Amino acid sequence: MSKEITTRAADYSQWYNDLVIKGGLADYSAVRGCMVIKPYGFALWENMRDQLDKMFKETGHVNAYFPLFVPKSLFEAEEKNAEGFAKECAVVTHYRLKNDPDNKGKLMVDPEAKLEEELVVRPTSEAIIWSTYKDWIQSYRDLPLLINQWANVVRWEMRTRLFLRTTEFLWQEGHTAHATQQEAVEETIKMLNVYADFVEEYMALPVIKGVKTASERFAGAEDTYCIEALMQDGKALQAGTSHFLGQNFAKAFDVQFLNKENKQEYVWATSWGVSTRLIGALIMAHSDDQGLILPPRIAPVQVVIVPIYKGEDSKAPIHEKVNAIMKELKEAGIRVLYDDSDASRPGWKFAEHELKGVPIRLAIGLRDMENNVVELARRDTKEKKTISMDGLTHYIVQLLAEIQQNIYNKALAFRTENTREANSWEEFLRMLDETPGFISAHWDGTEETEEKIKEASKATIRCIPLDNVVAEGVCIFSGKPSKQRVLFARAY
RNA sequence: CGGGAUGUAGCGUAGCCCGGUUAUCGCGCCUGGUUUGGGACCAGGAGGUCGCAAGUUCGAAUCUUGCCAUCCCGACCA
C-alpha cells in the first residue's frame, strides 16, 4: 500500500523520514529547511511542553516572552556568544517591499527602507533578555530571577533534517539570575535533573547526564551540562543542555545588584533549553519497522477503539458499548479515540494506528459483546489478547504504565548493550564501525587530542558523565596519562 | 556551502534519450451498492499551469539556461 515504510536495515535515514511524514507528525514546507508540524506532531509536542512547563513551575519558574528580533549591537555585546552564533544568523536589513517597476506584479526590497541598525533573528535570547534584566535587577531582593520562555528560534544550518535540525525550531529557554555562584551552579544542575527526569519518565528514554568539554561548550558559558541519549543506529543525540554562564552576560550587559552589605556585584546566570528535537530522539529511540512507538505518557492518543461491524444492525449496539467504555476511560484521564469512520475497514485502521504509534488498540465486535470481552493489542510488543470488559479501565490504566516501563527498559537495555569500553585506538575505531554506540575511553584532557580524534574517527566526546569514577589510565589516542574515561560517540 | 540524485493528480509511477492529436497506470479521493475479526469488492466519476521562470522551435513533459524544493554523502551545528 501507499503507506509502506522503509525498513531500518534498508535505509535508516529514509526510515526516519518515512515515520515523520507517514506517521503524520510533520511535513516539508515551501521554505528551505523549515517544516510544518502537523496536528498529530504538535499534539505530541504539546504533551511534552505541558509536562515540562509544569515541572518548571514546580521549581519556581515563571513564563515570559521576549522579542524575536535582537538589535545587532545588543547581540554582539557578549563576544563569545555572538561569535559562536554569528555564522548562522538570519538578519533583517529592511522593513518594506515595493512594486518592482521593471517587473510587473512582482515585489522588490525597497532600498529606501534600509534599517538604521540590522536586527538579528534570535538564534537564542541571552542578549535581548540580559539587556532587559539590567533594568529589572537592582538589589539582592530582586534575585533570584527565574524566567522561562517558550519560543521559536532560527539557526541557519547548512543541512537540515526533520525535527533534528531545522532552520526554525520551537523550544523553551530558561534564563535565570542569581546572587551567588553557588546558587547559579545549583540551578544549572537542578534543571539538568528536571530534563533528565522528564526525558526518562515521560519519554521513556534513558539519558546520560554529563558535562561538555570546552570545545563542545555553549558559546558564552562557563560550563555546559547535557543529557545524551543513544539512538537505534548507535549514534548519540544531545537531548538537552543546561549552562552555567558565570558572570559573562552580567558583565556584558552590566547587570549588577546591591548585596546585603550595600556593595555592587555582578549577578550569576544560567540558561537551559530543550527543543522539538526531542521528538526526533523519541522517534529514533523507540520506533520499529511498522511505525512509531510512542510512550503512553506523552502519546496524543493512548487508546484507540476500532469497532468491528457485522452489518448495519450491529453498529448501534457497538457504538453504545464503546461510548460507555470511552466515558469510563476518559474519567480515568485516558486519552482515547474512537475510530468509527466508515471510510476504511478494520485492517486498514489497525495498520494506520500502529504506524502512528498508539500504545493500545481495542477492537470490539458483536461476538466480543456477547462474551463480555474485548480484543486488546499493545503496540510495543505487538501482543494481542482477549480480555474481559469487567475492570477494563483499571486494566488499561495499569497496562499503560507497564508499556511505559517496557519501552524504557528496552531503550535502557539497548543502551547498556551498546556502551563499551575501548582501551586502544584500534579497538576504538573497530567499535565505531562494527558496533556503534557509546564508547567509554581514556582521554588526556587536551583540546588538541579531542580534535584529532574527531578528525580521525568522526566521533566526538559527548560528555564527561557526572557519575564518572576517577580512574587512572592512558589516553587511547596520545598515550598520555588520563584521569578518567569520557564518553565518545558519533552524534546527530 | 561543495559532490551526487530527484521533482509528471494527495501518494507511487510510465512517457523524456530520438519534440508532434485528448499525458500512462496503480493506490487514494467522490457517488451508489455490497461489505467490515489484519491494509475489501463492483459500477460510475472528479482531479494535471508535467516543480517555477525564461529561451530555442510552427509546436516543449521531452532540448537549453536560471531559479526553487527534497533526499543521500561531506564540511558546520541543538
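Note that the structure is a prediction, hence the values are computed from the model and not measured. Every chain is numbered from 1, with letters handed out A, B, ... down the list of sequences. FYI, side chains are in, hydrogens and waters are out, and symmetry mates aren't considered; it's all heavy atoms of this structure.
Between A:Y28 and B:rC71, a side-chain N or O to OP1/OP2 separation shorter than 4.0 Å is present. One finds a side-chain N or O of A:R345 lying less than 4.0 angstrom from the OP1 or OP2 phosphate oxygen of B:rA40. Proximity of A:S275 to the phosphate of B:rA78: no side-chain N or O atom is located under 4.0 Å from OP1 or OP2.
Residue contacts shown for A:E157 include a base, since a base heavy atom lies under 4.0 Å away. The residue A:T166 sits close to a base: some heavy atom pair falls under 4.0 Å. No contact: A:K212 has no heavy atom under 4.0 Å from any strand. Note on A:L237: nothing from the nucleic acid sits closer than 4.0 angstrom, heavy atoms only. Residue-level contact check: A:G33 touches the backbone only, with heavy atoms under 4.0 Å from sugar-phosphate atoms and none from bases.
Each of A:D223, A:T270, A:T224 was checked for a side chain to side chain donor-acceptor pair (under 3.5 Å) with A:H243, and the lone residue meeting it is A:T224.
Of the candidate nucleotides B:rG37, B:rC72, B:rG38, B:rG37 has the atom lying nearest to any side-chain atom of A:K310. Taking the side chain of A:I308 as heavy atoms from C-beta on, and the options B:rU36, B:rC71, B:rC76, the nearest nucleotide is B:rU36. Picking from B:rU36, B:rC72, B:rG39 the nucleotide with the shortest atom distance to the side chain of A:A351 gives B:rG39. Closest to the side chain of A:E375, out of B:rC73, B:rG37, B:rG38, is B:rG37. Among the nucleotides B:rU36, B:rC1, B:rG38, the one closest to any side-chain atom of A:E312 is B:rU36. Residue A:E354 places its side chain closer to B:rG38 than to any other of B:rC72, B:rC76, B:rG38. With B:rG37, B:rG39, B:rC1 as the choices, the nucleotide that has an atom nearest any side-chain atom of A:A363 turns out to be B:rG37. The side chain of A:K458 lies closest to B:rG74 when the candidates are B:rC71, B:rA78, B:rG74. Closest contact between the side chain of A:R32 and the listed nucleotides B:rU70, B:rG37, B:rC72 involves B:rU70.
The partner of B:rG59 is absent, by the rule that a Watson-Crick or G-U pair needs both atom distances under 3.5 Å. Of the nucleotides present, B:rG4 is the one that pairs with B:rC71 by Watson-Crick or G-U wobble criteria, both distances under 3.5 Å. B:rA40 is paired with B:rU34 under the criterion used here, namely a Watson-Crick or G-U wobble arrangement in which both key atom distances are under 3.5 Å. If you check B:rC29 for Watson-Crick or wobble pairing at under 3.5 angstrom, you find it paired to B:rG45.
Taking atom C1' on both B:rG19 and B:rC58, the two are 12 Å apart, rounded to the nearest angstrom. The gap from the C1' atom of B:rU64 to that of B:rG26 amounts to 34 Å, rounded to the nearest Å.
Between A:R159 and A:C34, the residue anchored nearer the 5' end of RNA chain B, judged by the nucleotide with its closest heavy atom, is A:C34. Residues A:V374 and A:R462 both approach RNA chain B. Their nearest nucleotides, taken by heavy-atom distance, put A:V374 toward the 5′ side.
A donor-acceptor pair shorter than 3.5 Å cannot be found between the side chains of A:Q290 and A:E354. Using modelled atom types and a 3.5 Å distance limit, the side chains of A:N193 and A:K209 yield a donor-acceptor pair.
Separating the NZ atom of A:K349 from the C1' atom of B:rU35 is a distance of 13 Å, rounded to the nearest angstrom.
Ring geometry for A:H319 against A:Y309 counts as perpendicular: the plane angle is over 60°, on a 0 to 90° scale with 30° as the lower cut.
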As a quick check of understanding, evaluate side-chain contact (heavy atoms from CB on, under 4.5 Å) for A:F163 and A:M35, giving each step before the final call.
CA-CA 8 Å; A:F163 286 116; A:M35 65 175 181; 3.2 Å; yes
For A:K349 and A:E352, what are the C-alpha separation, side-chain angles and deciding distance, and is it a salt bridge (charged side-chain N to carboxylate O under 4.0 Å, His left out)?
CA-CA 5 Å; A:K349 293 177 184 175; A:E352 179 69 8; over 6 Å; no
